[in-house]
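Down below is the structure, laid out as structure tokens.
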Amino acid sequence: MLSAADILDILATGATTRIEDPARVPAFAPGDKVVTRTLSPLTHTRLPRYCRGKRGVVVKVHGLYALPDVRAIGDEETREYCYAVRFDMRELWGPQGAATDSLTIDLWDSYLLPAPVEVTP
Amino acid sequence: MAGQHDDHDHDDHSHGDHSHEGHDHDHFHRIHSEEVDALLMSIADIEISARVKALEELLTQKGLVDPSALDAVVDLYENQIGPKNGARVIARAWADPVYKAWLLADPNAAIADLGFAGAQGENMVALENTADVHNVVVCTLCSCYPWPVLGLPPVWYKSMPYRTRIVRDPRSVLAEFGTVLPDSTEIRVWDSNSEVRYLVVPRRPEGTEGLDEAALAALVSRDSMIGVTEALSPEPA
Amino acid sequence: MNSVHDCGGFDGFGRVVPAGYDGSEPVFKHEWERRMCALFMVTIGAHYSDDEFRQSRERLEPVTYLTRPYYEQWWFAVARLMMEKGLMTPEEFGRHLAAGRAPSADILAGDA
């Protein structure tokens with residue numbers, strides 16, 4: 001059982017699932033174009049429906065973190081890179097989205113595919 | 001659970017495999033209990049204060065929680081940690097360009113330098129609002145929020161109206177808060193997640209040149225650090 | 001999980017800013033909110049992870065999720081986890097809850 005002192009210590013220190021592993025290179029770098037997968041797991045995910053199957057751009061590599069989808073079902077070990085990925089509002093909402101605005105969300109490797117190369121005819 | 005993800009090769013970034021595939025039905029049924037569902041449903045309409053009290057008492061009887069630890073946590077988040085912490089960070093950033101550059105580049109270190117750190121703020125990102133770019137933060141899936149600098153989130157931040165609307169039509173939500181931005185301003189909405197937490201650095205108001213950090217901090221509202229409002233303007237002298 | 005918690009972009013939920021909002025509000029409005037918030041803080045980490053907690057909250061029936069206060073949703077999420085992890089049984093909790101409420105039930109019965 002955690003005492004008052006224990007719990008205050010934990011809250012003051014925090015706990016992160018982030019790890020450093022120089023041997024693991026991020027799959028994506030800032031500026032890379034990506035497409036989100038279409039997934040519908042019955043369990044927890046941090047890939048909301050509004051940004052499944054959408055085209056975005058990586059703006060930041062946050063680091064290696066626990067994958068929430070599997071941590072929610074007891075897997076404390078798996079780590080994946082998490083990235084801030086930016087989407088134009090028009091990509092998410094069509095013509096009802098504002099052309100000036102964007103949405104950025106943190107997404108893990110398992111949610112992302114490299115964008116297909118666009119071929120100009 | 002060990003062994004469930006042996007097919008998930010950590011070193012494989014070929015995007016070909018995915019940890020969800022094939023397993024999520026099994027996982028869902030393993031954690032799911034019809035007895036638990038039935039009990040929760042049968043007591044769902046008993047007043048919540050009685051249900052909370054019973055949970056605290058039973059867990060205490062079982063030696064799983066210490067009531068004095070609960071008291072300490074309440075005091076911490078009700079009386080000690082709150083948006084005054086974040087306001088000190090922003091005031092320092094406004095007053096000291098070197099600190100501001102540090103805050104934007106290494107927010108964890110810069111925030112810890114003022115004594116703030118801890119649970120639900122382990123991995124911070126600071127977002128600077130400018131004349132051209134306005135940042136605003138949400139958590140659509142739950143209520144992720146940077147506790148060490150802002151405390152626990154306000155009711156509206158956790159509400160369905162905010163979570164549903166800000167990601168799709170931020171301008172109308174900002175207008176409700178009295179924040180009307182030029183059409184040319186780029187609004188960046190940040191849907192924050194379980195691991196990374198965001199702090200907005202609002203624009204320093206006009207007419208604050210002579211103010212010290214304490215006076216500046218008084219202008220930094222909680223809502224301006226979420227990004228739904230600008231910082232307050234100083235009272236005319 | 002595809003449920004109502006995944007709400008970004010839904011229409012029809014109305015205004016964000018409550019009437020009379022002045023930019024501040026109490027951290028807790030009721031004593032039970034204080035105790036529930038603290039119960040969460042002293043059991044997370046020791047007995048479940050934050051991702052397990054989020055999943056437990058998401059598993060609320062949509063109607064319950066949409067109509068119960070935030071910290072009541074936490075109650076459902078924590079109570080479910082404590083039972084599913086075997087730290088207390090549904091029968092045991094139901095009995096404890098009933099026992100705690102029994103005196104007032106007797107008084108009501110006596111008054112009738």
Side-chain angles (χ1 to χ4, degrees), chain A residues 1-8 10-18 23-27 37 39 41-43 45-46 48 50-51 60 62-63 65-70 73-75 77-80 82 84 86 89 92-93 96-98 100-107 109-110 112-114, chain B residues 1-2 4-5 8 10-11 13-15 17-21 23-25 27-31 62-66 68-73 76-77 81 117-123 125 134-135 140-141 147-148 167-171 183-196:
Chain A
M1 178 171 61
L2 299 171
S3 70
D6 294 335
I7 191 72
L8 291 179
I10 289 167
L11 291 170
T13 308
T16 178
T17 68
R18 183 174 182 169
R24 291 181 62 181
V25 178
R37 289 174 178 255
L39 303 168
L42 288 175
T43 43
T45 185
R46 297 292 314 189
Y50 74 77
C51 66
K60 186 175 183 359
H62 288 305
Y65 288 92
L67 177 63
D69 305 46
V70 297
I73 48 181
D75 175 354
E77 303 305 315
T78 299
R79 295 290 182 279
E80 289 192 357
C82 178
R86 182 162 297 159
M89 287 292 192
L92 300 180
W93 312 112
Q96 281 75 31
T100 41
D101 304 341
S102 65
L103 181 131
T104 309
I105 182 169
D106 300 322
L107 301 175
D109 282 313
S110 279
L112 299 171
L113 297 166
Chain B
M1 293 292 167
Q4 286 295 316
H5 302 286
H8 188 84
H10 297 248
D11 297 314
H13 292 286
S14 67
H15 313 283
D17 76 325
H18 190 269
S19 52
H20 287 302
E21 286 160 18
H23 290 312
D24 60 287
H25 265 90
H27 282 305
F28 185 76
H29 291 299
R30 191 167 309 126
I31 59 176
K62 286 173 164 288
L64 294 169
V65 305
D66 173 356
S68 72
L70 271 71
D71 297 337
V73 167
L76 182 68
Y77 286 101
I81 295 180
Q120 309 294 318
E122 295 90 347
N123 303 286
V125 171
H134 185 97
N135 298 283
T140 60
L141 293 176
W147 293 0
V167 293
R168 167 163 167 182
D169 186 12
R171 242 166 252 273
D183 287 345
S184 58
T185 302
E186 176 187 345
I187 299 180
R188 292 182 183 166
V189 181
W190 298 75
D191 191 354
S192 52
N193 77 16
S194 44
E195 298 282 4
V196 181

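Hydrogens, waters and symmetry mates play no part in the numbers below; they use all other heavy atoms, side chains included. Just so it is clear: chains get the letters A, B, ... in the order the sequence lines come, proteins before strands, and each one is counted from 1.
Contacts of S102(A) with chain B are made by both backbone and side-chain atoms, with heavy-atom separations under 4.5 Å. Heavy-atom distances place the side chain of L8(A), and not its backbone, under 4.5 Å from chain B. Heavy-atom distances place the side chain of I7(A), and not its backbone, under 4.5 Å from chain B.
Per-residue counts of heavy-atom pairs under 4.5 Å with chain B were compared for I105(A), L11(A), I10(A); the largest is that of L11(A). Across D6(A), T100(A), T16(A), D106(A), the residue that shares the most heavy-atom pairs under 4.5 angstrom with chain B is D106(A).
The distance from the CG atom of D191(B) to the SG atom of C51(A) is 7.5 Å, given to the nearest 0.5 Å. One finds the CG atom of N123(B) at 6.0 Å from the CZ atom of R18(A) (value rounded to the nearest 0.5 Å). We find the CD-CE distance between E186(B) and M89(A) to be 10.5 Å, quoted to the nearest 0.5 Å. To the nearest 0.5 Å, the span separating CG on L2(A) from CG on L70(B) amounts to 11.0 Å. How far CZ of R168(B) is from CD of Q96(A): 6.5 Å, rounded to the nearest 0.5 Å. Taking CD from E195(B) and OG1 from T17(A), the interatomic distance works out to 3.0 Å, rounded to the nearest 0.5 Å.
Between K60(A) and V125(B) the shortest side-chain heavy-atom distance falls below 4.5 Å.
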